There are 2 protein chains.
Amino acid sequence: MPTSRSAKASRADVAQQILEQATRLFAAHGFSGVSLADIAKSVGIRKPSLLYHFQSKDTLRRSVLEEILAHWNETLPQLLMAASTGSEQFDTVLSTTVRFFADDPDRARLILRELLDRPEEMQPLIEAHVRPWVGIVADYIRRGQEAGRVRAEVDPRAYVGHMTVLVLGSMATYEAVGSLGPELEVQESSAQLLERQTAELLRIAKVSLFRPRPVADSTTHSQRNQDFGPERPESDD
Amino acid sequence: MPTSRSAKASRADVAQQILEQATRLFAAHGFSGVSLADIAKSVGIRKPSLLYHFQSKDTLRRSVLEEILAHWNETLPQLLMAASTGSEQFDTVLSTTVRFFADDPDRARLILRELLDRPEEMQPLIEAHVRPWVGIVADYIRRGQEAGRVRAEVDPRAYVGHMTVLVLGSMATYEAVGSLGPELEVQESSAQLLERQTAELLRIAKVSLFRPRPVADSTTHSQRNQDFGPERPESDD
DNA sequence: AGAGGTGCCTACCACTCGGTAGAAAGTCTT
DNA sequence: AAGACTTTCTACCGAGTGGTAGGCACCTCT
């Protein structure tokens with residue numbers, strides 16, 4: 001076993017570079033649209049060197065996917081522990097999910113591609129990595145429905161499914177979709193575009209979940225949020 | 001030029017079969033995940049015969065895409081003419097879009113893949129085929145905002161973009177996403193699953209657009225739609 | 001110094017890819 | 001029946017694919 005990692009490009013370092021480039025290229029062109037030589041070239045090595053670190057192309061694909069899911073499993077539970085109330089937990093899951101994919105849209109592209117290419121293989125991964133917090137959100141929604149805060153017609157699990165797809169799809173295609181966006185003449189930066197998309201996703205997710213607050217009358221066209229529910233833990237009936 | 005089409009498998013017939021199988025296979029495995037031999041085999045011919053009908057693999061890809069867009073351009077304007085009021089037009093565009101992809105989820109998969117694989121190439125196609133009715137919807141939303149019917153914070157074009165992605169993504173991955181759905185023990189048929197998805201998409205699209213109707217108080221948990229706006233053409237302020 | 005391991009390389013393999021050449025088979029017109 | 005045209009076929013091509021064999025430089029430990 002190696003004892004010191006002083007010299008340049010230790011093993012883990014190269015493997016990490018390969019993973020990064022593979023993620024980028026698979027996300028952009030799909031698994032079968034990228035050759036091992038392409039990936040090796042973008043790392044600056046030859047194909048057999050790549051196969052020294054990952055036994056096969058399929059191993060590399062699985063590693064890329066696992067890295068994303070591992071990162072996900074590191075991120076969410078940690079933030080979730082800080083949230084005590086159900087309302088905070090819901091907010092955490094929602095905004096963390098959106099930001100996780102906004103931080104690196106390649107993640108969304110890659111998972112979306114896997115969902116399209118290998119739905120049967122993704123099914124158990126969804127079970128393992130998504131179910132737990134689907135449970136948290138679903139429970140919160142159910143309690144919200146009992147309290148009258150959440151729209152009765154919402155099916156908790158179906159809601160989570162649709163929001164997941166909305167986030168994945170929006171982030172995966174944010175350039176093409178964003179170009180439909182507001183009629184700005186000025187060019188928006190990618191960061192700005194992503195920020196706007198993120199805010200809008202959160203809005204849609206909340207508004208399609210929570211019942212509107214009962215407001216006496218709405219004669220003014222004020223921009224006040226009428227049904228952003230989770231900031232108000234106690235329902236009023 | 002051919003004068004009679006009596007015999008079996010006229011030219012157009014074979015070309016149509018090729019298009020259908022190519023659509024199916026490209027949707028399932030992606031453009032680079034399918035070989036011309038695969039497509040030819042599923043039609044029951046050899047590869048050179050396929051290349052007799054379509055000069056190259058890329059020609060075939062473009063033809064598949066064009067066929068879908070052509071079908072789309074046949075469907076929508078026709079239904080749109082029947083709709084007189086802005087509210088009806090909005091409803092038509094929304095439900096037609098959802099049903100167009102629910103009718104054949106392969107359409108959604110294929111377009112989503114193109115969006116991922118070739119965003120630059122898709123941009124002008126989006127311009128040409130999506131802009132017109134984005135305009136209709138955006139105008140309707142803007143008028144709705146002036147009348148106070150539509151949430152002021154909605155950006156019309158961004159809204160259309162997100163709804164498009166939501167529909168595409170939901171239909172493209174409806175099996176995987178639907179499996180997260182309600183906790184039914186009974187197996188749901190694909191048709192039922194798609195029907196449920198369709199209804200939920202329409203719900204989300206409307207609820208995230210229209211302002212809730214002012215209701216005096218909501219002490220009962222009635223399932224009455226509180227903010228399905230478009231059935232009520234005149235606003236009340 | 002030298003043994004052993006690590007990481008990368010060149011060279012090569014069998015196979016598949018999209019695409020072409022050109023002959024054979026069918027079909028229609030006269 | 002004969003010619004002309006359309007459609008399909010077999011055979012083949014060069015390029016590129018994932019993957020292997022084996023050597024070579026380098027580092028570390030004894």
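Numbers restart at 1 for each chain; the letters A, B, ... are given by sequence-line order, proteins then strands. Here the structure is a predicted model, which means the values were calculated and not measured.
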Residue pair [X] / [Y], side-chain heavy-atom distance below 4.5 Å:
{"X": "B:Leu209", "Y": "B:Met163", "answer": "no"}
{"X": "B:Val154", "Y": "A:Arg203", "answer": "yes"}
{"X": "A:Thr97", "Y": "A:Thr164", "answer": "no"}

Exercise for the section: Using a heavy-atom cut-off of under 4.0 Å over every strand shown, decide if B:Leu36 touches base, sugar-phosphate, or nothing. Expected result: sugar-phosphate
Check your understanding: Just checking B:Val34: base, sugar-phosphate only, or nothing, at a heavy-atom cut-off of under 4.0 Å?
Key ->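 Result for B:Val34 = sugar-phosphate.
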Whole-Å distance separating the [atom1] atom of [X] from the [atom2] atom of [N]:
{"X": "B:Ile39", "N": "C:dG19", "atom1": "CD1", "atom2": "C1'", "answer": "14 Å"}
{"X": "B:Asp58", "N": "C:dC17", "atom1": "CG", "atom2": "P", "answer": "17 Å"}
{"X": "B:Gln17", "N": "D:dT7", "atom1": "CD", "atom2": "P", "answer": "14 Å"}
{"X": "A:Arg46", "N": "D:dT17", "atom1": "CZ", "atom2": "C1'", "answer": "18 Å"}
{"X": "B:Leu25", "N": "C:dG18", "atom1": "CG", "atom2": "C1'", "answer": "16 Å"}
{"X": "B:Lys41", "N": "C:dT16", "atom1": "NZ", "atom2": "P", "answer": "12 Å"}
{"X": "B:Ile18", "N": "D:dT7", "atom1": "CD1", "atom2": "C1'", "answer": "11 Å"}

Does a side-chain N or O of [X] approach OP1 or OP2 of [N] to a distance below 4.0 Å, or not?
{"X": "B:Ser49", "N": "D:dT7", "result": "no"}
{"X": "A:His53", "N": "C:dT6", "result": "no"}
{"X": "B:Ser35", "N": "C:dC17", "result": "yes"}

For B:Phe100 versus B:Ile68, what's the shortest heavy-atom pair and its separation?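 Minimum heavy-atom contact is CZ-O, 3.7 Å.
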Original post:
Pick the nucleotide of DNA chain C nearest each of B:Phe31 and A:Ile45; which residue has the one closer to the 5' end?
Top reply: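 Of the two residues, A:Ile45 wins.
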A:Lys47 vs A:Leu50, nearer the 5' end of DNA chain C by closest nucleotide
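Result: A:Leu50.
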_Judged by each residue's nearest nucleotide on DNA chain D, which is more toward the 5′ side, B:Tyr52 or A:Ala37?_
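The residue whose closest nucleotide sits nearer the 5' end is B:Tyr52.
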Practice item. Could you pick out which residue, A:Pro48 or A:Asp38, lies toward the 5' side of DNA chain D when each is mapped onto its nearest nucleotide? Key: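 Nearest-nucleotide comparison on DNA chain D picks A:Asp38.
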Winner on side-chain proximity to B:Leu51, out of C:dT20, D:dT20, C:dG18, is C:dT20
D:dG18, C:dG19, D:dT20: which one has an atom nearest the side-chain heavy atoms of B:Ser56?
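Of D:dG18, C:dG19, D:dT20, C:dG19 is nearest to the side chain of B:Ser56.
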- Could you check whether the rings of A:Trp72 and A:Trp133 sit parallel, tilted or perpendicular, using 30° and 60° as the cut-offs? perpendicular
